[in-house]
Amino acid sequence: MKLEAINHLFREHIQKLSPYQSAREEFVADGRKMILLDANENPYETKVNRYPDPLQKELKSAIAEWRNVLPEQIFLGNGSDEIISQLIIACCEPGKDHIIINPPTFGMYAVAASIFGVALEEVPLQLDTFRLDVDAILNRSNEHSKIIFIPTPNNPTANRFDKADLKAILDGFKGFVIIDEAYAEFSTDASLISWLKEYPHLIVLQTFSKAQGLAGVRLGMAFAQSTVIQILNRIKAPYNINTLTLQKVLERLKEQETVKRQVEQLLVEKKRLIEAIQPIRFVETIFPSDANFFLIRVDDSQKRYNQFIEMGIVVRNPSKQLGCANSLRISVGTPLENDTLIKAFNQLEKSEK
Ligand SMILES: Cc1ncc(COP(=O)(O)O)c(C=O)c1O
């Protein structure tokens with residue numbers, strides 16, 4: 001697909017929109033210490049009495065170096081959740097366009113589409129292997145399919161999708177292909193950021209909420225062609241990323257050795273958990289995982305969920321999702337937390353002999 005071909009994927013009025021010009025965008029700092037009387041702030045120092053940089057230039061330049069892209073190829077959101085919503089707003093005309101999702105999948109795509117009155121086309125993953133059904137996706141898509149959301153590794157199934165399948169979708173799908181790499185750090189597959197040059201309609205999402213250990217600061221990233229980023233900048237709230245978040249993320253970028261060690265530890269712990277749960281009789285299937293969580297099929301998920309709650313352990317019961325009957329999704333915890341979970345499984349097993 002040619003770069004020019006992506007402009008028509010945005011809604012017409014969004015393409016023409018003149019964005020709000022915030023005070024801190026009109027004045028471009030040149031390094032001099034200025035008296036700031038332009039934004040009606042309280043001048044007395046609280047460390048956060050000034051508005052943050054609306055375009056987050058310092059953080060974007062650090063992320064650009066980290067992820068080997070240009071700063072103009074980065075959009076930052078208040079979590080990936082905000083970016084997902086903004087993409088739907090930018091591209092989908094309610095009552096006319098739709099997004100494609102592949103259930104079982106991350107729930108926010110459908111919720112965001114519903115909030116904005118945008119229709120959903122659901123093309124389920126293949127049963128039990130949880131692979132993408134590429135032919136069905138391409139057959140179901142038409143000129144109103146503006147976005148397909150593909151999380152890889154997938155939530156809640158935890159598997160990553162085949163690169164060949166993702167390539168086939170990128171080759172055949174005419175809308176934006178959003179590859180949501182929220183769990184990328186846990187997977188052995190390399191990020192699709194390196195495919196951005198080849199595919200102008202590819203957008204890669206990543207987040208500081210999972211491996212990076214900053215779910216509380218809410219920072220999601222979109223990597224895309226600068227044309228796409230310009231449109232997202234046009235529709236965002238002026239100061240969508242707050243000063244404390246900017247500071248915390250900049251600090252975290254300097255702690256990547258720690259993140260790497262934690263990821264390695266979590267992967268070792270995942271293997272230990274899976275091996276310990278394998279012999280439990282009420283666990284019928286443990287699905288392959290490329291993330292920091294895994295999905296299991298049990299005899300009765302509601303009963304097991306309640307029993308774990310009784311024992312002080314909260315897991316996720318995604319059983320209402322297509323293809324996930326009687327399943328539980330378990331995040332990997334600290335070694336101590338995992339010991340307690342293993343004990344809980346064994347205790348339940350013993351009590352039922
Ligand atoms: C696939 C996927 N994408 C995005 C998110 C949300 O990320 P954020 O915390 O950045 O909004 C999640 C959270 O569970 C997720 O599973």
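Only a predicted model underlies this, so the values are computations on that prediction, with no experimental measurement involved. Both counts, for ligands and for their atoms, begin at 1 and track the order of listing.
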Which of the ligand 1 atoms, numbered from 1, are nearer than 4.0 Å to a heavy atom of [X]:
| X | answer |
| --- | --- |
| Gly79 | 10 (O), 11 (O) |
| Pro151 | 1 (C) |
| Asn155 | 14 (O), 15 (C), 16 (O) |
| Lys210 | 12 (C), 13 (C), 14 (O) |

### Task
Compute the centroid of each ring, for Phe293 and then for Phe186, and state whether the two points are separated by less than 6.0 Å.
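No, the ring centres sit 6.0 Å or more apart.
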
### Test of ring centre spacing under 6.0 Å for Phe161 and Phe130
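Ring-ring flag for Phe161/Phe130: false, centres at least 6.0 Å apart.
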
### Message
Tell me whether Tyr109 has any N or O atom under 3.5 angstrom from an N or O of ligand 1.
### Response
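No; every N/O pair is 3.5 Å or more apart.
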
### Query
Tell me, which protein residue and heavy-atom name are nearest atom 1 (C) of ligand 1, and how many Å apart are they?
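Going by distance alone, atom 1 (C) of ligand 1 is nearest to Asp180 OD2, 3.5 Å.
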
### Which residue and heavy atom of the protein sit nearest atom 7 (O) of ligand 1, plus the separation
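Answer, as residue, atom name and distance: Ser80 OG, 3.6 Å.
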
### Any Tyr183 heavy atom less than 4.0 Å to ligand 1
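Contact check Tyr183 vs ligand 1: positive.
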
### Task
Could you tell me whether the side chains of Asn306 and Gln302 share a donor-acceptor contact shorter than 3.5 Å?
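Distance-only check passes for Asn306 and Gln302.
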
### Arg140 side chain to Ser145 side chain, donor-acceptor N/O pair below 3.5 angstrom
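No.
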
### Task
State the CD1-CZ distance between Ile309 and Arg304, to the nearest 0.5 angstrom.
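Reported value, rounded in 0.5 Å steps: 14.5 Å.
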
Under 4.0 Å, heavy atoms only, figure out whether ligand 1 is touched by the backbone of [X], its side chain, both or neither.
| X | value |
| --- | --- |
| Arg218 | side chain |
| Ser209 | side chain |
| Asp81 | both |

### Task
Please check if atom CZ in Arg50 has more than 12 non-hydrogen atoms from other residues, nucleotides or ligands closer than 6.0 Å.
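Yes - once you tally the heavy atoms of other residues, nucleotides and ligands closer than 6.0 Å, there are more than 12.
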
### Message
Is the ring pair Phe106/Tyr109 parallel, tilted or perpendicular, if the boundaries are 30 and 60 degrees?
### Response
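Plane angle over 60°, so perpendicular.
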
### side-chain hydrogen bond (donor to acceptor under 3.5 Å, both in side chains) evaluation trace for Asp171 with Tyr199
CA-CA 8 Å; Asp171 285 332; Tyr199 295 107; 2.9 Å; yes

